[in-house]
Student: 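Just dropping this structure here.
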Amino acid sequence: MMLKEKYLPLVSGWTHSGITCVIFLAVICCRTVASDVKNVILEIVKGQKEFNIPIFTANRKLVASVNGGLHDPSYLVFNSAWGSEQSQHVTKRFKYPSLSGIKKPRSEQDIAFMSILELGELIKTKQLTSKELTKFFLKRLKRYNHALEAVVTYTEELAYKQAKEADKLLAQGVYLGPLHGIPYGLKDIIAVPHYKTTWGSTSFKNQVLDIEAWVYKRLKSAGAVLVAKLVSGSLAYDDIWFGGRTRNPWNIEEFSTGSSAGPAASTSAGMVPFAIGSETAGSVTYPAARCGVTALRPTFGTVGRTGVMSLSESLDKLGPFCRSATDCAIILDAIRGKDPDDLSSRDILLDDPFSVDITKLTVGYLEDAEMEVVHVLASKGVNMIPFKLNYTVDSVQGILNFTMDVDMLAHFDEWQRSGKDDVYEAQEQWPTELRRARVIPAVDYVQAQRARGKLIREVRESFTVDAFIGNATDWERVCLGNLVGLPVIVVPTGFKNIPNPPPNNTTRRRTTITTGIYAPPERDHIALALAMAYQSVTNHHRQQPPIDDLGPNDPIPSSPTSS
């Protein structure tokens with residue numbers, strides 16, 4: 001008789017929590033003499049009943065009765081800084097380039113794709129009011145959302161209230177800066193009072209949190225106008241949510257990928273000038289690459305996360321989806337800084353990306369880098385050299401999965417134990433991963449964090465350049481970048497034909513090509529400066545997706561031409 005068949009009844013009472021698997025793994029690994037097995041199991045069961053389970057129960061009641069990780073954060077805090085010194089300083093704001101002579105375009109389509117600085121100049125010079133701009137982008141959101149499925153909630157009443165206040169301040173001679181009166185969207189894991197924060201999930205689709213997220217407060221104080229809560233994949237996993245599946249504006253036959261699906265698609269389609277998304281493991285880089293927008297995953301700890309649904313406190317980051325690297329720098333400047341309620345948040349001293357002398361930089365390029373970027377930066381005086389990031393840790397992807405899945409389970413323990421995962425939108429996603437996470441021994445979770453520390457040390461030693469260029473969606477690199485806390489900016493670099501185009505290849509749909517510019521932690525300004533330099537002489541980031549006119553003989557239905 002197999003050990004499991006013989007002794008399973010002894011521990012069957014705790015199978016719901018995965019303890020059975022852990023006990024048998026422990027027995028099999030630690031005992032080779034069959035006569036010892038029964039006594040070992042009885043000893044473990046006794047300890048489990050008298051010691052472990054009461055502690056499990058007490059802790060769950062204390063901190064795990066509410067889902068989402070919004071309260072009682074872990075005090076095991078990750079610091080992505082490469083050094084032990086803690087600098088004391090006052091955050092200095094970036095000095096943005098000034099624009100003059102900007103005129104309101106005749107075409108509404110051109111207005112939709114103007115940069116933040118350009119739109120800000122129209123408001124500052126009173127060629128457009130914030131109320132007019134807000135109405136314009138709300139109209140675009142409603143016009144294209146049926147095709148893209150990118151919006152969860154229109155915050156129309158709030159938007160007009162904030163726009164009215166922006167116009168009033170300007171009339172009084174008060175100008176708050178480049179975001180004054182500019183509409184934007186938030187990924188729907190970011191809480192805003194009086195509006196639903198659904199986390200993209202059927203389980204929470206009617207949830208209203210009386211919490212004002214720190215990043216929302218920062219943007220509100222800068223004068224920005226919230227027009228919509230944008231799609232998050234269900235519980236921040238991929239692009240499937242309770243209302244459908246978000247599509248890619250450049251090719252609406254395919255989906256946007258990544259849980260920051262709504263911010264990426266909405267920015268790409270000119271439905272908002274910018275949006276805030278999040279990344280734990282690819283949810284900025286993947287949808288930005290798929291939808292062809294410029295997006296920044298900043299250094300871990302740069303942007304506070306109070307009021308944001310948590311997957312993993314040592315991995316979660318907030319970042320902007322924008323028209324350009326310049327816009328990303330403006331948004332980062334507005335939302336960075338110490339969040340007093342986020343233990344991992346720090347006042348990180350960043351140099352002004354608009355003042356970086358790129359001719360003094362040495363930048364590496366990996367084998368999968370887009371060579372146009374390499375050649376353009378070389379032509380602008382950057383020292384470009386072939387590069388490879390070396391490390392010996394061969395379990396990078398597993399370390400990330402262990403970390404993310406166990407942390408996620410801690411934040412949604414009640415949700416899973418109560419069986420609510422049975423109605424999750426994609427059963428092969430979180431439900432499968434969290435059941436697996438339930439049986440990861442605590443000691444092996446800790447060993448994964450020790451291996452993560454070894455990886456960080458090796459990457460630090462190997463990072464001998466100021467920045468490097470490489471594919472932004474290579475999964476190993478996505479995992480490594482998030483474990484180490486590296487900033488990366490995703491930059492559009494061109495287009496290619498879609499796979500299996502319609503007859504005569506007359507479609508205007510395209511597959512976007514992008515690359516990533518990576519920097520060491522706390523060197524976000526270097527990645528931004530390099531991206532701005534590249535975009536100053538190219539126009540890939542200015543292209544507009546064909547959501548109104550896909551081309552003749554294309555069988556995919558276009559978006560409507562009127563609201």
Side-chain angles (χ1 to χ4, degrees), residues 63-74 149-153 186-192 195-209 211 213 215 229-246 255-265 276-287 305-319 400-438 440 478 482:
V63 298
S65 59
V66 178
N67 297 298
L70 295 172
H71 311 284
D72 303 303
S74 169
E149 297 181 357
V151 181
V152 180
T153 304
L186 289 175
K187 182 176 180 178
D188 197 32
I189 62 171
I190 302 171
V192 176
Y195 287 92
K196 293 178 181 179
T197 301
T198 70
W199 301 339
S201 168
T202 299
S203 299
F204 303 98
K205 67 179 181 180
N206 295 314
Q207 172 178 253
V208 178
L209 299 171
I211 301 172
V215 69
K229 301 291 291 297
L230 304 174
V231 164
S232 166
S234 184
L235 302 185
Y237 195 128
D238 207 29
D239 51 24
I240 299 173
W241 60 294
F242 69 84
R245 192 171 186 184
T246 305
F255 302 105
S256 60
T257 81
S259 69
S260 297
I276 303 298
S278 70
E279 171 153 328
T280 308
S283 289
V284 167
T285 51
Y286 276 97
R305 303 165 301 180
T306 298
V308 181
M309 189 204 93
S310 178
L311 293 186
S312 173
E313 280 124 340
S314 72
L315 293 170
D316 297 339
K317 296 160 290 293
L318 299 175
L400 182 129
N401 281 114
F402 263 36
T403 304
M404 178 176 66
D405 291 354
V406 171
D407 292 355
M408 170 65 175
L409 182 57
H411 297 148
F412 286 88
D413 190 21
E414 186 277 335
W415 176 78
Q416 196 222 33
R417 286 187 291 108
S418 63
K420 294 173 186 173
D421 57 341
D422 289 339
V423 297
Y424 186 78
E425 289 73 13
Q427 285 296 304
E428 74 280 3
Q429 295 180 357
W430 278 135
T432 297
E433 291 197 29
L434 296 188
R435 290 167 196 144
R436 183 174 67 228
R438 181 71 71 178
I440 294 174
V478 167
N482 281 287

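Every heavy atom of this structure was used, including side-chain atoms; hydrogens, water molecules and symmetry mates were not.
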Student: Taking all heavy atoms of L311 and all of D316, pick out the closest pair and write down the distance.
Tutor: N-OD2, 3.0 Å

Student: Could you check T153, T198, D188 and say which one makes a side chain to side chain donor-acceptor pair (under 3.5 Å) with K229?
Tutor: D188

Student: Just by distance, no angles: are the side chains of K187 and S278 close enough, under 3.5 Å, to form a donor-acceptor pair?
Tutor: yes

Student: Under the salt bridge (Lys or Arg N to Asp or Glu O under 4.0 Å) rule, collect the residues that match up with K196, sequence neighbours excluded.
Tutor: none

Student: Check whether any side-chain heavy atom of E149 sits under 4.5 Å from a side-chain heavy atom of V231, and report yes or no.
Tutor: no

Student: Who are the salt bridge (Lys or Arg N to Asp or Glu O under 4.0 Å) partners of R436, not counting sequence neighbours?
Tutor: D405

Student: Where is the tightest heavy-atom contact between S232 and I189, given as atom of each residue plus distance?
Tutor: OG-CG2, 3.5 Å

Student: Using a 3.5 Å distance criterion without hydrogens, assess whether the side chain of Q416 forms a donor-acceptor pair with backbone atoms of L409.
Tutor: no

Student: Can you name the closest pair of heavy atoms from T403 and S314 and give their distance?
Tutor: CG2-OG, 3.8 Å

Student: With a 4.5 Å heavy-atom cut-off, do L70 and I211 have their side chains touching?
Tutor: yes

Student: What's the shortest heavy-atom distance between P431 and A426, and which atoms?
Tutor: CD-O, 3.7 Å

Student: Would T202 and E425 count as having a side-chain donor-acceptor pair, cut-off 3.5 Å?
Tutor: yes

Student: Please report the interatomic distance CG(N482) to CD(E279), rounded to the nearest 0.5 Å.
Tutor: 4.5 Å

Student: Using side chain to side chain contact (heavy atoms under 4.5 Å, CB included), reason through V151 and L230 one step at a time and then give a plain yes or no.
Tutor: CA-CA 4 Å; V151 181; L230 304 174; 4.0 Å; yes

Student: Do the side chains of K317 and V284 get nearer than 4.5 Å, heavy atoms only?
Tutor: no

Student: Any non-hydrogen side-chain atom of L235 less than 4.5 Å from a side-chain atom of F204?
Tutor: yes

Student: Name the residue from W241, F412, Y237 that meets the ring pair (Phe, Tyr, Trp, His ring centres under 6.0 Å) definition with W199.
Tutor: F412

Student: Is S203 close to V423 at the side-chain level, that is, under 4.5 Å between some pair of heavy atoms?
Tutor: yes

Student: Just how far is it from atom OG of S259 to atom CD of Q429, taken to the nearest 0.5 Å?
Tutor: 10.0 Å

Student: Working to the nearest 0.5 angstrom, can you tell me the gap between D413 CG and M408 CE?
Tutor: 11.5 Å

Student: Does some side-chain heavy atom of R435 sit less than 4.5 Å from a side-chain heavy atom of D421?
Tutor: yes

Student: Could you check if a side-chain atom of L315 sits within less than 4.5 angstrom of a side-chain atom of D407, using non-hydrogen atoms only?
Tutor: no

Student: Under a 3.5 Å distance rule, please check whether Y424 uses its side chain to pair with a backbone N or O of S234 as donor and acceptor.
Tutor: yes

Student: For A213 and G307, which heavy atoms make the closest approach, and how far apart are they?
Tutor: CB-O, 3.9 Å

Student: Using salt bridge (Lys or Arg N to Asp or Glu O under 4.0 Å) as the criterion, list what pairs up with D238, not counting sequence neighbours.
Tutor: R245

Student: Do you know the tightest heavy-atom contact between A191 and T197?
Tutor: CA-OG1, 3.5 Å

Student: Are E313 and H411 packed together at the side-chain level, in the sense that at least one heavy-atom pair is separated by less than 4.5 angstrom?
Tutor: yes

Student: Can you confirm whether the side chains of D239 and T257 place a donor and an acceptor under 3.5 Å from each other?
Tutor: no

